[in-house]
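To keep things clear, I will list the structure first and then write my remarks on it.
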Amino acid sequence: GQQVQQSPSSLVLQEGENAELQCNFSSTATQLQWFYQSPGGSLVSLLSNPSGTKHTGRLTSTTVTKERRSSLHISSSQTTDSGTYLCAIDRGTGYQNFYFGKGTSLTVIP
Amino acid sequence: ETAVFQTPNYHVTQVGNEVSFNCKQTLGHDTMYWYKQDSKKLLKIMFSYNNKQLIVNETVPRRFSPQSSDKAHLNLRIKSVEPEDSAVYLCASSWDINERLFFGHGTKLSVL
């Protein structure tokens with residue numbers, strides 16, 4: 001089955017609103033990263049957060065390892081935040097495989 | 001700012017041909033990876049290469065092989081392409097395995 005599930009699949013916000021993205025995973029994760037993929041396709045790692053809460057700029061990620069879920073909160077969204085947000089986990093099987101979800105497509109309108 | 005460089009950006013070829021994609025990172029990272037992104041945007045690891053140790057995803061067909069001259073370069077060779085190889089191939093690097101990944105812009109392969 002699918003290793004990583006993200007919700008919602010798409011989200012439309014007015015500029016200035018906050019966004020809450022969810023990631024649920026079916027296996028134990030030794031690593032978890034959130035990524036941003038621009039409409040042009042380039043992929044950027046936002047932060048690594050296997051457990052607890054981490055902040056960077058307007059982003060806050062909270063991962064509850066025991067419950068196999070992580071969230072990404074984007075505060076005061078901007079039009080330049082539009083793109084796809086991907087959650088990825090490493091199950092720690094020794095193959096160092098990052099399993100990616102299908103992503104949440106975020107559109108921020110002015 | 002891009003620090004993982006991939007060439008070419010696009011490649012169109014026919015079934016059975018051999019192709020090779022290049023990747024170079026200027027971050028001084030010790031680990032490099034190749035990922036395949038399919039038409040549904042799902043990314044799957046193909047290879048990771050750390051301190052000359054190659055870790056292979058067992059689902060990757062044998063026609064794919066990584067080639068590395070030093071820790072800053074990891075190329076991908078496909079011996080005889082198949083239609084299902086059409087995808088975007090993303091190269092990435094990190095300081096160590098499971099650290100933050102830095103990706104290149106990708107190479108889009110179309111197999112006719």
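The chains referred to below are lettered A, B, ... by the order of the sequence lines, with proteins before strands, and numbering in each begins at 1.
Connection of Leu47(A) to Tyr36(A) is established within a shared hydrophobic cluster, with ILVMFWY side chains joined at heavy-atom distances below 4.5 Å, either directly or through further cluster members. Connection of Tyr33(B) to Val44(A) is not established within any shared hydrophobic cluster, with ILVMFWY side chains joined at heavy-atom distances below 4.5 Å, either directly or through further cluster members. Hydrophobic clustering (ILVMFWY, side-chain heavy atoms < 4.5 Å, transitive): Val64(A) and Val4(A) are in distinct clusters. A chain of hydrophobic side-chain contacts below 4.5 Å, direct or via other Ile, Leu, Val, Met, Phe, Trp or Tyr residues, connects Leu13(A) to Ile74(A).
Heavy atoms closer than 4.5 Å to chain B are found nowhere in Leu32(A), neither backbone nor side chain.
Between the CZ atom of Phe103(B) and the CZ atom of Phe35(A) there is a distance of 5.0 Å, given to the nearest 0.5 Å. Taking OG of Ser94(B) as the start and CD of Gln31(A) as the end, the distance is 9.5 Å to the nearest 0.5 Å.
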